[in-house]
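The block underneath contains the structure these notes are about, expressed in structure tokens.
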Amino acid sequence: MTRWAQTVVARKWWVLSLAVLIVLISGVWGLGVFGKLSQGGFIDPGSDSAKVADIIEDNLGPQTPDIIAIYTPTDGKSLDDIGPAVTAAVDQFKTEVPTASVKSYWGTDAAAKASLLSNDGSMAAVAITLAPDSGVTPATFADLLPKLEVDGAEAQFAGNTVVGVAFNTKLEKDLVVAEAIAIPITLVLLVFIFGGVVAAAVPVFVGVLSVLSALAVLRILTLITDVSSFSINVASLLGLGLAIDYGLFVVGRFREELNSGSDPGAAAQRTVLTAGRTVMFSGLLLICAFSGMLVFPQAVIRSLGFGAIAAVLSAAVLSLTAVPALLAILGHRINALTWRKDAAQRGEERSRKFWGRVVTWVMKRPVAVSVTIVAVLLVMASPLLGARLGELSYTALPDNDPARVAMDTLVNDFPQTGNGATMILQAEDGNTLTPAEGAAIAESAGQVEGIGQATVVASTNQLIAVQALYSEGSTPQSQSAAVTDLREISAPDGTVLLVGGGQAMVDDGNNAVLHWLPVMILIMVGSTLILLFLAFGSVVLPIKAVLMAALSLATTFGVLTFVFQDGHGVELLGVSQTPLEATFVVLILAVVFGLSTDYEVFLMSRMVEAKNAGATTEEAVKFGTERTGRIVTAAALLLIVVTGAFAMSGLSVMKFLGVGMIVALIVDATIIRMLLVPSLVKLMGEANWWAPAWMKKVHAKVGIGH
């Protein structure tokens, strides 16, 4: 680390220029990621429901329509009146766009005619499945829909691909709006925090570079794996927020070194060795936290993990290269463009006095403070006991989004469009199936509570497909119960019975999350304990950090359950009451755990520094809190601004992520970090710093305090 600090300062212009040039070039190339994103990846590929989907596609071709065009006659016309125009438009569509299947109310298939007519007979639909090699991309998909519009009828467009493209489009727009809001507000706040424009501009400059760098990393990942459209917003949110947080910490330490009398070069080197090492450990902690997401079988969770890791890596590397090089170049000009010469120094002095008084008050009554805070946070966490996992569906789109309106119409007015479970009976070991076996499975399925009717829809000697439609008015809970009962139906000897369909995929995905969640937690906790042992040279402090992160997480998910699942305040947020979406539960778990330990490193690194310099425990607590209180709370405030801008998204899952982040940041950076942690460190006294002799030796080489 010492050699790197010397290199950055000695070749500051080369380091800065090279870092900026590489990021700008790769960032421009990385903008191409928007056309290569996936809308899927929520399925566990090893589940029964995924096997059913593969079997159906391999044997019967694609069965899930990409576009369901719903037509409502206007100008006094009837469905029969608009039939020729719709048929002509569909025929023309098939000549221009490769399709795998087209089912129309106006076609000759009697079963399709019945399922594609609305309950009241006022609307009819056409279901179109595109060919796998159609060449249609998310960027060109929207151009297809106008081809299906006809005179004399209002057309609505539903379907999984329509919804996926709507998500992608909304995420791209939200990203632009969020950054347009967050960056200026952040810059203004930083000016007041730092007391000058130049110092404020450095973290924002690095934040923009981090976003570009993260986009480039995601573009590279699209070459080897599916990358979810949600990963862009996650990478941008974390890249911008963490780069600003790290920049705030590094710039603050640099100014502290300048104020102590160091020349700019020495101050920059000292900053890399202290704040830089803290940033390095922080980045490693966050990467370890997000690495736990890579164990899940769902591609969307892994891609969110990749996006988060890309953001952390970009922010940390730039904070250890471009930022110290820029600071060495600026020197004392870091304090330029301010409203008064000593604005920054006066602000820092006021902050130290304030946090000094707070921590002194806390340490006089540590038992009362710690017991009260823990009790209050546990009460806030209590709704988590009734939490349920849900799914990401079209209802996450804004109420007025055309795709959501069309899907509402489809679900409410076309109950026979295939909203059910698909059962596959397969022969094993060369056996053959008989029609009677398929009929028996259909009969058994029809007797399951929650199933309205079940029919054989395809049959061969080796394969029988049964469609079991849910009863009208069924709920996700009743559908899930029906899937469980369908899977308990006994298959004839020499056969295997698999159950799939939409609800089965949701259930299998949530079960996969619950199955792999302990593994993720084990990876996060284990790696965090090891890194914090190395960072602090203590056994107690890392364990305390993990427990504080667990308390912060419990509180955050308690509030999320209270709001989003129990419905308290959903009207104010403009979202639907729904169980917690599993994918974003995993993401928030990783983000909040990572940020909690991140702020712990910021705070405890200064306490350890003071303790190693000979301070008592109380003196170390006061020293660390005084010097990081402003930084930690300011970093949290800035990340709240960035998160809040993204939470303004019309997508309910982004609001879910935004609200979770805001709650976690408020609780963790203020209540836990500045009040609870000092009180606990005071109570534990000298036990905080205990470690075996071998760990002390390791810490002497790589620890933050050294």
Side-chain angles (χ1 to χ4, degrees), residues 32-40 53 56-75 77-118 123-173 222 226 229 394 397 401-407 409-410 414 417-418:
V33 73
F34 288 102
K36 302 179 180 296
L37 300 174
S38 168
Q39 284 83 47
I56 290 176
E57 185 161 350
D58 292 342
N59 292 273
L60 305 176
Q63 298 294 302
T64 303
D66 294 288
I67 305 171
I68 301 177
I70 303 171
Y71 296 96
T72 305
T74 58
D75 304 325
K77 296 180 181 293
S78 67
L79 291 177
D80 291 338
D81 293 335
I82 66 172
V86 172
T87 301
V90 172
D91 289 342
Q92 180 64 30
F93 183 91
K94 289 192 291 184
T95 64
E96 298 177 7
V97 183
T99 58
S101 70
V102 175
K103 296 180 180 179
S104 171
Y105 166 79
W106 294 274
T108 58
D109 187 333
K113 189 178 183 71
S115 66
L116 295 172
L117 179 67
S118 66
M123 296 176 286
V126 176
I128 300 173
T129 304
L130 301 179
D133 57 350
S134 66
V136 176
T137 66
T140 61
F141 183 86
D143 298 333
L144 304 182
L145 303 183
K147 299 177 185 293
L148 295 169
E149 295 179 347
V150 299
D151 293 333
E154 176 190 349
Q156 295 176 280
F157 300 104
N160 290 343
T161 304
V162 173
V163 171
V165 171
F167 270 115
N168 198 28
T169 302
K170 187 66 179 170
L171 286 168
E172 287 185 33
K173 292 180 180 178
T222 61
D226 287 338
S229 53
Y394 73 91
L397 290 166
D401 187 275
R404 173 167 180 173
V405 173
M407 287 298 295
T409 301
L410 183 68
F414 292 81
T417 52

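Every value quoted in this text rests on a predicted model; they were computed, and no experiment measured them.
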Got P98 and L130 here, is their nearest side-chain heavy-atom distance under 4.5 Å?
no

Just wondering, do T409 and T72 contact through their side chains at under 4.5 Å, heavy atoms?
no

Minimum-distance pair of heavy atoms, taken over all atoms of M123 and L117:
O-CD1, 3.4 Å

Scanning both residues in full, the closest heavy-atom pair of E154 with T74 reads N-CG2, 3.9 Å

When rounded to the nearest 0.5 angstrom, what is the spacing between OH in Y105 and CG in D80?
6.0 Å

Rounded to the nearest 0.5 Å, how far does CG of D143 lie from CD of E96?
11.5 Å

Hey, are the side chains of F157 and V165 touching, using non-hydrogen atoms and a 4.5 Å cut-off?
no

How long is the span from the CG atom in D401 to the CE atom in M407, to the nearest 0.5 Å?
11.5 Å

Counting C-beta onward and ignoring hydrogens, is there a side-chain heavy-atom pair between L116 and W106 closer than 4.5 Å?
no

Write down the atom of D75, the atom of G152, and the distance for their closest heavy-atom approach.
OD2-CA, 4.4 Å

Specify the closest pair of heavy atoms between V102 and V90, including all atoms of both residues, with the distance to one decimal.
CG1-CG1, 3.6 Å

Here the pair of heavy atoms bringing A406 nearest to I70 is O-CD1, 3.8 Å

Any heavy-atom pair between the side chains of I128 and L144 that's under 4.5 Å?
no

Is the backbone N or O of A88 less than 3.5 Å from a side-chain atom of D91, with the two atoms forming a donor-acceptor pair by type?
no

Has the side chain of T95 got a donor or acceptor atom that lies under 3.5 Å from a matching backbone atom of Q92?
yes

If I take atom CD1 from residue I67 and atom CG from residue N160, how far apart are they, to the nearest 0.5 angstrom?
12.0 Å

If you measure from NZ on K94 to OG1 on T99, what distance do you get to the nearest 0.5 Å?
6.0 Å

How close do T129 and P65 get, heavy atom to heavy atom, and via which atoms?
OG1-CA, 3.4 Å

Are L148 and Y71 side-chain neighbours, meaning at least one heavy-atom pair lies under 4.5 Å?
yes

Roughly how far apart are I68 CD1 and Q156 CD, rounded to 0.5 Å?
12.0 Å

